[in-house]
Amino acid sequence: MCCNDKGFVNELSKEMNVTEADAEFILMSQGVVGLYNRRRRGTEEAEEQARALLAASTGHEDSRESGEKLWTANYMLDIAINFFVYVVHYQLMLWSTSYAINTWQVSISTAGLASGIFIVGSLLMRLPAGRYIDLAGRRRLLLWGTSAYFLLMLLYRLCPDVASFMVVRLLQGMAFGATSTATSIIAASLIPLKRMGSGIGYYTLGVTLASAVGPFWGLSFINAGDFETSIIFCSALALIILCLSWLLKVPERDLSEREREAYHGVSMGDFIAKSSVAISMIAMVGGVCYSTVLSYMGEYAAANGMAELGGRFFFLCFAAASILSRPLIGWLLDNRGGNVVIYPSLFFLTGSMLLVAFAADDYMLLAGGVLLGIGYGSITAACHALALHCSLSRKMGVATSTYFMLLDMGTGAGPYCLGSVVPFFGFSAVYIIAAIIAVLGFGGYFLSMGRCHRFSIERLDRERAIKKRAAMHAANA
């Protein structure tokens with residue numbers, strides 16, 4: 001069996017409450033898993049049972065597929081909530097570092113820890129949030145997360161020292177992890193399966209816009225030395241987020257008795273969606289490249305005399321390229337499959353790192369920003385959609401947390417690991433190494449998924465149909 005077929009077979013067997021052998025036969029009968037990989041069946045009775053299961057599930061339609069409408073009121077509301085959540089996150093990442101230095105005169109490394117511990121909290125919460133969201137309730141988790149996100153904003157100005165400040169940052173990072181995981185799962189449940197690529201693309205576009213808007217506002221407040229107004233502004237946004245979350249109508253999953261019993265045991269597979277790991281690691285490559293630019297662009301541009309034009313407008317070009325390319329990327333993923341998106345995205349990502357590394361003037365640097373916007377924006381949107389596709393409905397939450405965990409690991413580890421070469425070889429070496437990592441992503445994707453056409457459009461369509469039938473079969477069981 002090729003690539004991560006085994007993980008999908010395992011999920012299908014659990015969804016339909018059949019053996020893995022029967023699930024594999026169902027997939028093979030639809031042309032999803034190559035017939036040349038078919039194992040010897042034990043008895044003809046087992047084959048007949050699998051055929052009966054497939055026939056019984058044929059003809060059912062997922063409620064989301066009754067219409068192909070994407071831009072519903074709830075979908076747009078969910079995008080708005082997620083956008084504001086990330087605006088606050090990005091603004092506070094800049095604010096907290098400067099605030100810690102100016103308030104408690106701590107070292108740069110300590111201030112950096114006060115900022116980065118937010119991501120630690122997010123990672124700590126993503127895995128349990130993805131695992132238990134359907135048991136706790138999607139709307140309930142969203143309201144818990146947004147309530148904590150707002151209340152913790154009110155504690156920032158009450159912290160007497162940097163240690164308590166870090167505790168608040170850690171706890172708010174956990175609230176962020178719960179909220180962003182919930183909004184992502186809710187978005188996926190609102191998007192028609194046939195338009196998952198486009199839907200996730202538009203959803204993640206909000207994060208891209210927030211990555212430009214949040215730092216812009218944050219720098220504006222910091223440059224003015226107005227820390228008080230910055231925290232009031234973020235508190236107001238957090239209150240808006242909480243109010244909007246109460247208005248959102250959330251589609252919930254009704255768990256069967258068998259699914260509820262599965263929560264009694266705990267294993268690694270309950271928190272990590274194995275079938276989504278491979279494609280999520282490609283997103284991690286994108287996270288490494290993007291984070292090195294985000295962390296060092298200011299110093300790099302200033303050191304090379306490009307701060308006024310190239311450094312100042314780099315992320316504006318990045319955001320513009322992401323916005324303009326996103327609709328095309330979503331359409332290609334939905335109608336042409338994964339390979340036509342992932343390979344070019346990695347190519348653009350590699351090109352952007354090389355342009356930044358060897359930038360001789362402002363315009364080469366800005367060109368690198370354009371390629372980074374296309375490459376990173378495309379690869380994160382596509383990998384997010386494909387990570388969800390690799391898991392069936394019962395594991396949607398776990399697939400989401402697996403994707404974000406690996407993306408965040410790449411974003412967090414990139415500056416720390418690659419930054420160590422700066423004192424010895426300079427900033428250019430950081431981007432050359434990042435380009436090499438992107439090239440390795442080509443090989444990793446080809447070996448694990450590309451060569452066996454894991455995300456061909458024919459296969460994606462067949463698996464979408466099987467997922468709809470499996471969901472209905474589980475609901476009627």
Side-chain angles (χ1 to χ4, degrees), residues 71-96 115 118-119 121-122 125-126 129 133 138-156 168-169 171-191 199-222 227-250 294 315 319 322-323 326 377 380-381 384 400 404 407-408 411:
W71 293 101
T72 61
N74 286 316
Y75 173 68
M76 290 186 285
L77 189 58
D78 191 60
I79 291 177
I81 292 170
N82 192 60
F83 168 73
F84 288 126
V85 165
Y86 272 90
V87 166
V88 172
H89 160 49
Y90 282 119
Q91 182 168 333
L92 289 180
M93 287 294 285
L94 292 170
W95 175 87
S96 58
S115 177
F118 185 96
I119 301 298
S122 173
M125 182 53 67
R126 283 199 188 278
I133 184 170
R138 295 171 181 176
R139 187 171 189 270
R140 187 174 299 168
L141 181 64
L142 177 66
L143 292 176
W144 284 348
T146 53
S147 297
Y149 205 58
F150 167 66
L151 293 175
L152 287 163
M153 285 297 312
L154 305 179
L155 298 181
Y156 274 104
V168 173
R169 290 286 294 159
L171 293 176
Q172 194 179 41
M174 296 176 71
F176 168 79
T179 301
S180 57
T181 299
T183 54
S184 179
I185 294 168
I186 291 168
S189 66
L190 292 169
I191 300 169
I200 292 295
Y202 290 121
Y203 170 80
T204 55
L205 183 57
V207 179
T208 303
L209 290 174
S211 69
V213 173
F216 173 78
W217 281 339
L219 285 171
S220 298
F221 287 122
I222 290 171
F227 295 103
E228 186 70 28
T229 303
S230 180
I231 201 66
I232 292 173
F233 180 76
C234 286
S235 298
L237 284 182
L239 181 59
I240 292 173
I241 292 167
L242 178 58
C243 294
L244 291 178
S245 66
W246 278 98
L247 298 176
L248 182 64
K249 294 181 180 179
V250 179
L294 181 65
F315 287 102
S322 296
I323 294 169
R326 196 61 59 89
T380 50
H384 188 177
T400 298
F404 278 112
L407 177 62
D408 288 347
T411 303

Worked check of side chain to side chain contact (heavy atoms under 4.5 Å, CB included) between Val88 and Phe233: CA-CA 9 Å; Val88 172; Phe233 180 76; over 6 Å; no
Under the side chain to side chain contact (heavy atoms under 4.5 Å, CB included) rule, what do Gln172 and Phe176 come out as? Steps first, then yes or no, please. CA-CA 6 Å; Gln172 194 179 41; Phe176 168 79; 5.7 Å; no
Determine, step by step, whether Ile240 and Leu244 satisfy the side chain to side chain contact (heavy atoms under 4.5 Å, CB included) criterion, reporting the C-alpha distance in whole Å, the side-chain angles of both residues, the deciding distance to 0.1 Å, and the verdict. CA-CA 6 Å; Ile240 292 173; Leu244 291 178; 3.9 Å; yes
Trp71/Ile79 under side chain to side chain contact (heavy atoms under 4.5 Å, CB included): CA gap, chis, key distance, verdict: CA-CA 10 Å; Trp71 293 101; Ile79 291 177; 4.0 Å; yes
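Here CZ of Phe221 is found 9.5 Å from CD1 of Ile232. Values are rounded to the nearest 0.5 Å. In this structure, CG in Asn74 is found 9.5 Å from CD1 in Ile186, a value given to the nearest 0.5 Å. Interatomic distance, CZ of Arg138 versus CG of Leu248, reported as 11.5 Å (0.5 Å rounding). The line from CD1 of Ile81 to OG1 of Thr179 is 9.5 Å long, rounded to the nearest 0.5 Å. Note that CZ of Arg126 is 8.0 Å distant from CD1 of Ile119, once rounded to the nearest 0.5 Å. Between the CG atom of Leu77 and the NZ atom of Lys249 there is a distance of 11.0 Å, given to the nearest 0.5 Å.
The closest donor-acceptor contact from the side chain of Thr181 to the backbone of Ala178 lies at 3.5 Å or more, if one exists at all. Between the side chain of Tyr149 and the main chain of Ala238, no donor-acceptor pair closer than 3.5 Å is present. Put simply, the side chain of Thr204 never gets that close to the backbone of Val207: no donor and acceptor are under 3.5 Å apart. A donor-acceptor pair under 3.5 Å links the side-chain atoms of Tyr203 to the main chain of Ser184, judged by distance alone. A donor-acceptor pair is defined here as one N or O able to donate and one able to accept, closer than 3.5 Å; no such pair exists between the side chain of Arg326 and the backbone of Tyr202.
Counted by atom type alone, Ser245 and Arg139 present zero donor-acceptor pairs between their side chains at under 3.5 Å.
For the pair Gly199 and Ile191, the tightest heavy-atom approach, listed with the atom from each and the gap, is C-CD1, 3.4 Å. When all heavy atoms are compared, the tightest approach of Ser122 to Gly177 is OG-CA, 3.8 Å. Closest non-hydrogen pair, Leu152 versus Val168, comes out as O-CG1, 3.7 Å. Minimum interatomic distance between Ala175 and Gly145 (heavy atoms only, all atoms of both residues): CB-O, 3.8 Å. Scanning all heavy atoms of the two residues, the minimum distance from Ala381 to Ile200 falls at O-CG2, 3.6 Å. What you find for Ala182 and Leu141 is that their closest heavy atoms are CB-CD2, 4.2 Å.
For Trp95 and Tyr156, the gap between ring centers is short of 6.0 Å.
The aromatic rings of Phe118 and His89 sit parallel, their planes meeting at an angle under 30°, below the 60° perpendicular limit. Between Tyr90 and Tyr86, the ring planes lie tilted relative to each other; the angle falls in the 30° to 60° range.
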